[in-house]
There are 2 protein chains.
Amino acid sequence: MATINDISKMVGVSKATVSRAINGTGQVSKETKKAIFEAMDALNFRPNSLAQALATNKSNSIGIVLSDFDGNYFGRLLKQASQTAEKTGKQLIVTDGHNCAKREKEAIHFLADRKCDVIILYTRKMSVSDIISLKRSISTPIVNVGRDLPASAGYTVGFDHTHAAQIAITHLIDLGHKDIIYIGPEPTTPTTRLRFQAFEEKLEQHQLVAQDRHIICPDFTVYGGYDACQQLLKVKVPFSAIFAASDDIAIGVMKALSDAGIKVPEDVSVVGIDNQEKSAFVTPSLTTVELPIKAMTLHAMQIAQELAEGKQVTNGSKLFTGELIVRHSATPPNT
Amino acid sequence: MATINDISKMVGVSKATVSRAINGTGQVSKETKKAIFEAMDALNFRPNSLAQALATNKSNSIGIVLSDFDGNYFGRLLKQASQTAEKTGKQLIVTDGHNCAKREKEAIHFLADRKCDVIILYTRKMSVSDIISLKRSISTPIVNVGRDLPASAGYTVGFDHTHAAQIAITHLIDLGHKDIIYIGPEPTTPTTRLRFQAFEEKLEQHQLVAQDRHIICPDFTVYGGYDACQQLLKVKVPFSAIFAASDDIAIGVMKALSDAGIKVPEDVSVVGIDNQEKSAFVTPSLTTVELPIKAMTLHAMQIAQELAEGKQVTNGSKLFTGELIVRHSATPPNT
DNA sequence: CTGAAAGCGCTTACAG
DNA sequence: CTGAAAGCGCTTACAG
């Protein structure tokens, strides 16, 4: 690998001059500039970005830590993030939190250690105080995505999970359903807690039975939904509608129902949350709540961008809300 | 940020000793080691990994470049890669090739410039000669994933796309179908070309009409499949089966069919390629070909691992083959 | 077991 | 417009 020294020797100038030519900082005469670029080509020179970063204390890259590499919307988030990053000429470094608070923290440190200009943090497991203290311990600016965090956690682009769950359930109630089941993971993380609480509250508010209406599935996957629904069919509690904590779960649920000879929506209505691409293509198409992950990511990247350039942030933290997408998986109950 | 100097001053030893204590290289007495660790804690010291990498010329990380951040199996690939990486204590740096040869190259350079120990390359757009010359121009070892490349391209964990397409089509032919349509992207990339060629050859081999049987869809998505199938329904060519170039396309196709009142598999059979998670959960469940992306990634990571440690590679390049997964979307034609 | 010194490949005041 | 020198924060022979 050729270094700046090689090319400085070849051209017969100091490496300071070479550096200036490369970066376009300071004045360099046309002729020497030309000679330098030719030498760079000849030697196939590429600046060592590690050395650059060490010297300047920044790396021209944006770090992302994702709580997990297979959540149902991490693909959309990544896609959007990488598109915006490309426009700004910054590289994106993506890192896995392995769905565990400890790993999430490590990933953040990894990124901070590499002097990323800014870190986009999509965490599910870290507690609010974790986030706040971590934020304090590193100098890299952080922008949180996905959760609704207090101002002390720094910039955050959140989603109103409570509201999303409410409109889904309200839809079912408005259709006339009285026996509604919730299928979703145990309410142990902020997100799962919010969704489940919204469920219970809405039911109670409408004087419907809210107790023992929660069938737990291990995760947010189709498999989880499928198994949980089979479980539900065994216990023989009466129900006419199911609220699934995610579209994936809902799709698993619908499959289990169909395998058991139960028709959706004629016999049982199902609604989900997420509005994944595939949800429009299953049969029946799924009624769900749009989670605007692309718009959220875009917003987060704009903040990140401004932060990276040391600019004033024009549009700071924001809370996004969902929207009900009515399709064909939920109808009035069969009476 | 505390540096190694701060802690060397605090303890009263040279920074060489501190470095040895941190890395566990060389001898350091118990007492000084203890003092050093205490000081590290007190000052909340984290070694600057940029400086470490610059000094040692390695970074203890594995780089991945993905041709695109929304291909249909990049999620599974990433998940598996990050799981293996975690076990080995290496960090994973993921980078987007933006579905374009130029960007793919840039991404590789980015990773090489950061001194990744090894690069996993999943490219769709770069030509074989591109890959070979790029491989020559950087010193970082590369392991290719997904395509079947010549030995001169270095280690490669490939998939036999021709064989996969063949078994899918043969399945349809064996069921008795004579009028088969191919729905997939234009054969412009290595993968799309292979799949389409296999289709044409098999048809000709069985003396079936192979001309004008290709309905083009813009990409590998459900939307693409949906639109292309609507196209197909307009042109009124007779057909009893559809071979879709991916599961996503197949799912879009089935939806278009069902929207048009055509029953799968009673009226039309459909098969895909990929065996995505959701394919078992659509109705009817999709007959497809398993693409063992997890196993392939695991294999690639093992090579990467050995390369990174400078070990001899025990199991080198390998070509994986698909397996037919028979479910409910394809049956004998209705005669 | 420990230290002084050189080096990794850049950048950036400072001086001219 | 250009160069000499110090510095970024580490590691690693070498010498003791």
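The sequence lines fix the lettering, A, B, ..., with proteins before strands; numbering per chain opens at 1. No experiment lies behind these values; they were computed from the predicted model shown.
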Engineer: Closer than 4.0 Å, any side-chain N/O of S29(B) to the OP1 or OP2 of dT2(C)?
Structural biologist: yes
Engineer: Do you know the tightest heavy-atom contact between I120(B) and A300(B)?
Structural biologist: CD1-O, 3.9 Å
Engineer: Could you check how far NZ of K58(B) sits from P of dC8(C), rounded to whole Å?
Structural biologist: 17 Å
Engineer: Please report the distance, rounded to the nearest Å, between CG in N57(B) and P in dG9(C).
Structural biologist: 7 Å
Engineer: Measure the distance from CD1 on I4(A) to P on dG7(D) and round it to the nearest whole Å.
Structural biologist: 19 Å
Engineer: Does the side chain of S67(A) reach to within under 4.5 Å of the side chain of E104(A), using non-hydrogen atoms?
Structural biologist: yes
Engineer: Indicate whether OP1 or OP2 belonging to dT12(C) is found under 4.0 Å from a side-chain N or O atom of T56(A).
Structural biologist: no
Engineer: K115(A) has an atom NZ; how far is it from atom C1' of dC10(C), in whole Å?
Structural biologist: 16 Å
Engineer: Compare side-chain N and O positions of Q52(B) against OP1 and OP2 of dC10(D) and report whether any pair is under 4.0 Å apart.
Structural biologist: no
Engineer: Do K79(A) and D68(B) meet the salt-bridge criterion of a basic N to acidic O distance under 4.0 Å?
Structural biologist: yes
Engineer: If you pin K30(B) and L54(B) to their nearest nucleotides in DNA chain C, which one's is more 5'?
Structural biologist: K30(B)
Engineer: Taking the side chain as everything from C-beta on, heavy atoms only, tell me whether V313(A) gets closer than 4.5 Å to L307(A).
Structural biologist: yes
Engineer: For D96(B), is there an ion pair with R103(B) - N to carboxylate O distance below 4.0 angstrom?
Structural biologist: no
Engineer: Do K105(A) and M126(A) make a side-chain contact, defined as non-hydrogen atoms from C-beta onward lying under 4.5 Å apart?
Structural biologist: yes
Engineer: Taking the inter-plane angle between the rings of F69(A) and F74(A) on a 0 to 90° scale, is it parallel (under 30°), tilted (30 to 60°) or perpendicular (over 60°)?
Structural biologist: parallel
Engineer: Return no unless some side-chain N or O of T32(B) is found under 4.0 Å from OP1 or OP2 of dT2(C).
Structural biologist: yes
Engineer: Is the cationic atom of K33(A) (NZ for Lys, CZ for Arg) positioned less than 6.0 Å from the six-membered ring centroid of F37(A) and within 45 degrees of its normal?
Structural biologist: no
Engineer: Roughly how many Å is it from CG in N5(A) to C1' in dA4(D), rounded to a whole number?
Structural biologist: 13 Å
Engineer: Quickly work out the Q27(B) CD to dA13(D) C1' distance and round it to whole Å.
Structural biologist: 16 Å
Engineer: Distance alone, cut at 3.5 Å: any donor-acceptor contact between the side chains of K15(A) and N5(A)?
Structural biologist: no
Engineer: Does any residue of residues 10-25 of chain B have a heavy atom under 4.0 Å from DNA chain D, and if so, which ones, in number order?
Structural biologist: K15(B), A16(B), S19(B), R20(B), N23(B)
Engineer: Please give the distance between the P atoms of dA13(C) and dG9(C) as a whole number of Å.
Structural biologist: 23 Å
Engineer: Given pairs defined as Watson-Crick or G-U wobble with both distances under 3.5 Å, what dot-bracket annotation applies to DNA chain D, with ( ) intrastrand, [ ] crossing, | other strand and . unpaired?
Structural biologist: |||.||||||||.|||
Engineer: Given atom CG of N48(B) and atom P of dT11(D), what is their separation to the nearest angstrom?
Structural biologist: 10 Å
Engineer: To the nearest angstrom, how far is R114(A) atom CZ from dC10(D) atom P?
Structural biologist: 13 Å
